[in-house]
Amino acid sequence: MKRLVVLVAVILLMVSLGCASYYRVTDPASGKVYYTDDMDREGASIIFKDVKTQSTVTLQSSEIIEVSKDEFKAKTLGK
């Protein structure tokens with residue numbers, strides 16, 4: 001039984017690592033574009049870490065688009 005629990009935990013970990021999401025976040029006020037793979041919502045705001053600058057960003061208004069892993073890597077590789 002213990003082996004089964006460990007096996008299920010390993011499978012869930014592998015699945016969660018393989019299902020990452022990538023986002024392009026645009027600030028409509030400035031037109032600035034950010035890329036992130038994680039974000040939190042606090043009320044009407046979103047908070048995330050910009051992959052290029054490693055800065056934590058908080059936006060009241062934003063346009064969020066999920067992008068492919070390939071686009072994410074292409075846009076953030078040159079950090």
Side-chain angles (χ1 to χ4, degrees):
M1 183 67 172
K2 193 172 187 179
R3 283 184 175 175
L4 179 60
V5 171
V6 171
L7 179 62
V8 169
V10 169
I11 290 171
L12 288 174
L13 178 63
M14 290 173 58
V15 167
S16 68
L17 292 175
C19 297
S21 296
Y22 304 97
Y23 305 96
R24 180 177 66 220
V25 181
T26 305
D27 178 358
S30 68
K32 185 158 175 123
V33 176
Y34 305 92
Y35 287 87
T36 189
D37 57 3
D38 187 32
M39 67 181 78
D40 294 315
R41 293 192 183 272
E42 255 186 45
S45 301
I46 63 162
I47 301 169
F48 60 92
K49 182 177 269 191
D50 178 37
V51 173
K52 288 182 180 180
T53 64
Q54 295 299 304
S55 299
T56 300
V57 180
T58 303
L59 295 175
Q60 296 291 325
S61 176
S62 60
E63 178 183 307
I64 303 165
I65 298 174
E66 191 166 354
V67 296
S68 70
K69 183 177 182 179
D70 292 337
E71 178 182 342
F72 183 82
K73 283 185 172 183
K75 297 294 184 176
T76 61
L77 201 63
K79 293 184 192 179

| message | By the side-chain hydrogen bond (donor to acceptor under 3.5 Å, both in side chains) test, which pairs, at least two apart or in different chains, include something from residues 23-36? | response | Arg24-Glu71, Asp27-Ser30
| query | Should the heavy atoms of other residues, nucleotides or ligands under 6.0 Å from CD of Glu66 be counted, would the total exceed 12? | reply | yes
Taking the side chain as everything from C-beta on, heavy atoms only, tell me whether [X] gets closer than 4.5 Å to [Y].
{"X": "Lys49", "Y": "Asp38", "answer": "no"}
{"X": "Val33", "Y": "Val25", "answer": "no"}
{"X": "Val51", "Y": "Tyr22", "answer": "no"}
{"X": "Ile46", "Y": "Ile64", "answer": "yes"}

| Side chain of Ser55, backbone of Val57: donor and acceptor closer than 3.5 Å? | no
| field | Counterpart residues, salt bridge (charged side-chain N to carboxylate O under 4.0 Å, His left out), relative to Glu63 (two or more places apart) | value | none
| note | Taken in chain and number order and not counting sequence neighbours, the residues that satisfy side chain to side chain contact (heavy atoms under 4.5 Å, CB included) with Ser61 are Pro28
| Residue pair Met39, Ile47: steps toward the side chain to side chain contact (heavy atoms under 4.5 Å, CB included) verdict | CA-CA 6 Å; Met39 67 181 78; Ile47 301 169; over 6 Å; no
